Protein chains: 2
Amino acid sequence: MNVPIRKPKTTSGTRSESVYAGLRRAIIEQALMPGDKLPEDIIGDRFGVSRTIVRAALARLHAEGLIDLQPNKGATIAQPSLSEAQDIFETRMCLERQVIARLIEKVTDRDIERLEQHVALEMKANAHDGPAAIRLAGEFHILLAALSGNGVLARYVNEVVSRCSLILALYSRPHSSDCSINEHQQIIDALRARDGRTAIDAMDHHLQAVTDRALLSSNSEKHRDIRSILDRYAS
Amino acid sequence: MNVPIRKPKTTSGTRSESVYAGLRRAIIEQALMPGDKLPEDIIGDRFGVSRTIVRAALARLHAEGLIDLQPNKGATIAQPSLSEAQDIFETRMCLERQVIARLIEKVTDRDIERLEQHVALEMKANAHDGPAAIRLAGEFHILLAALSGNGVLARYVNEVVSRCSLILALYSRPHSSDCSINEHQQIIDALRARDGRTAIDAMDHHLQAVTDRALLSSNSEKHRDIRSILDRYAS
DNA sequence: GTATACATTAATGCATACAATCTTCGAGAT
DNA sequence: ATCTCGAAGATTGTATGCATTAATGTATAC
């Protein structure tokens, strides 16, 4: 055997991959909302594949906590409880602190440049107020984790950040992301200066702000969990 | 065709679950070694299910990093590289520190008792030197994570601990786990005393010991990655 | 008028058939 | 003998059909 060129180590064929990617993007951009049903044949029709492929994609989304999968009842966009939301935020903070700790040691000028470019993208998307703004805000953190060089860490950050989109959709009111972008810039600045203390503080503050925006406004009636609503109207 | 042991009546979803659980245990107990191939037909025969079910189980194992899945070539037990191994250990330490931090706050006497019982199990399994000893050593950490009450954290700890079994199988020599058990006991003692500093130190020391046993003995020719061997004979 | 039982519909659970792809092995040429 | 090409076998990729289950609609009994 010659030099091993690592091929894409993802799951089977690129077909379930594209269904997975499409659904994931729809969820993260909040085109599909928590509680929405995901019938296999409808998805299969839209993507031009059979239910077999769709099921593989759904299984993966389920493994990542983005959808619920009830036996004989099918898939729905996950509705994290407040308790789960707190678990996710706590774990996310734990993981992202480690990301920052690694980046302080090894971040390069080229990395900084990519981060700056990303924030520029965020600002542009924010100006047009497109659905991509939400996604890009999360992808900033995913990019940070990827640049940390620890693939395992990066995968977990990817998951918790994605699930945070669900939490925001459920519990938060429509938010202007301007402050998020400023905070992202602060993190970059601290990384550039190799100032670990400030970088971690900035990340902590940023995540705390996101958490508060999500969980403290949970009085908002935005979520679609009918049961908890009906409970209040049943008596 | 072999006789399907599974009863055909019970609502499925449990079926791929049992295939997943069986394969996972075989991997963690090192009955299946890194690099081994996992043909869908053979697995399906042994478990008395069709390839459809097997593929679901394999997809889940892949999502958890226990098997590699190459397109058109099937599944093999994952062979983490040294780099991946380091990533896993680093992430594991990050996560388990958080587990300890939580437990210091909320661990109950009943929790302590369950942990003590588990260590007793470990000692017994170690005496008989059965394949369960390896698994139980890991499950101590999974139990800790479960008791922490953060389900997300628990899931990630479960994954990294499981993957550590792979790393040990690849790079470590057969180890006596006695010291591990002693270290587990130290962690319990520190938790009982609500001594956070000591508990975290004990966990750090324990994981560092495991890491060293795994990675520093990587000169051992035990692993099956032909390339790294050839590299030393090619020049 | 209400509630229970039954029929209908729709969706998922699963196995299997077939297609696409990789692997192996042998024949023929150099 | 070695290399190349190719055909046969083996394994995975995908679609589809049938069985099973949940959800819904309807009728009948009280």
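Given the structure is predicted, the values throughout are model-derived calculations rather than measurements. Each chain gets a letter, A, B and so on, in the order the sequences are listed, and its residues count up from 1.
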Please test B:Leu207 against B:His141 for side chain to side chain contact (heavy atoms under 4.5 Å, CB included), starting from the C-alpha separation and ending with a verdict. CA-CA 10 Å; B:Leu207 291 182; B:His141 294 264; 4.1 Å; yes
Just to confirm, is there a sub-4.0 Å distance from OP1 or OP2 of C:dG13 to any side-chain nitrogen or oxygen of A:Arg55? yes
Grab the CG-C1' distance between A:Leu69 and D:dT21 for me, whole Å please. 15 Å
note: B:Ile43, atom CD1; D:dT12, atom C1'; distance rounded to Å ~ 13 Å
Can you check whether B:Lys37 has a side-chain N or O nearer than 4.0 Å to OP1 or OP2 of D:dT12? yes
Has A:Arg15 got a side-chain N or O lying under 4.0 Å from the OP1 or OP2 atom of D:dA15? yes
Among C:dA15, D:dT11, C:dT12, which is the nearest nucleotide to the side chain of A:Arg51? C:dT12
Any side-chain to backbone donor/acceptor pair from A:Gln98 onto A:Leu95? Under 3.5 Å, distance only. no
How many Å lie between CG on B:Asp41 and P on D:dT12, as a whole number? 6 Å
Within the 4.5 Å heavy-atom criterion, are B:Val157 and B:Leu144 side-chain neighbours or not? no
Short side-chain donor-acceptor distance under 3.5 Å, A:Glu96 and A:Tyr156: no
Looking only at side-chain N and O atoms, does A:Thr52 come under 4.0 Å of OP1 or OP2 in D:dT14? no
Under 4.0 Å between a side-chain N/O of A:Lys73 and OP1 or OP2 of D:dA23, yes or no? yes
Testing C:dA15, D:dT12, D:dA15 for proximity to the side chain of B:Ile53, the answer is C:dA15
Kindly point out which of C:dG13, D:dA15, C:dT21 is positioned nearest to the side chain of A:Val49? D:dA15
For atom CD of B:Glu40 and atom P of C:dC22, their distance in whole Å: 15 Å
Are there over 12 heavy-atom neighbours, none belonging to A:Lys37, within less than 6.0 Å of that residue's NZ? yes
Rounded to whole Å, CG of A:Asp45 lies from P of D:dT16 at a distance of 11 Å
Once you round it to whole Å, what is the distance between P of D:dT14 and CZ of A:Phe47? 15 Å
Could you state the atom-to-atom distance from CG of A:Asn72 to P of D:dC18 in whole Å? 20 Å
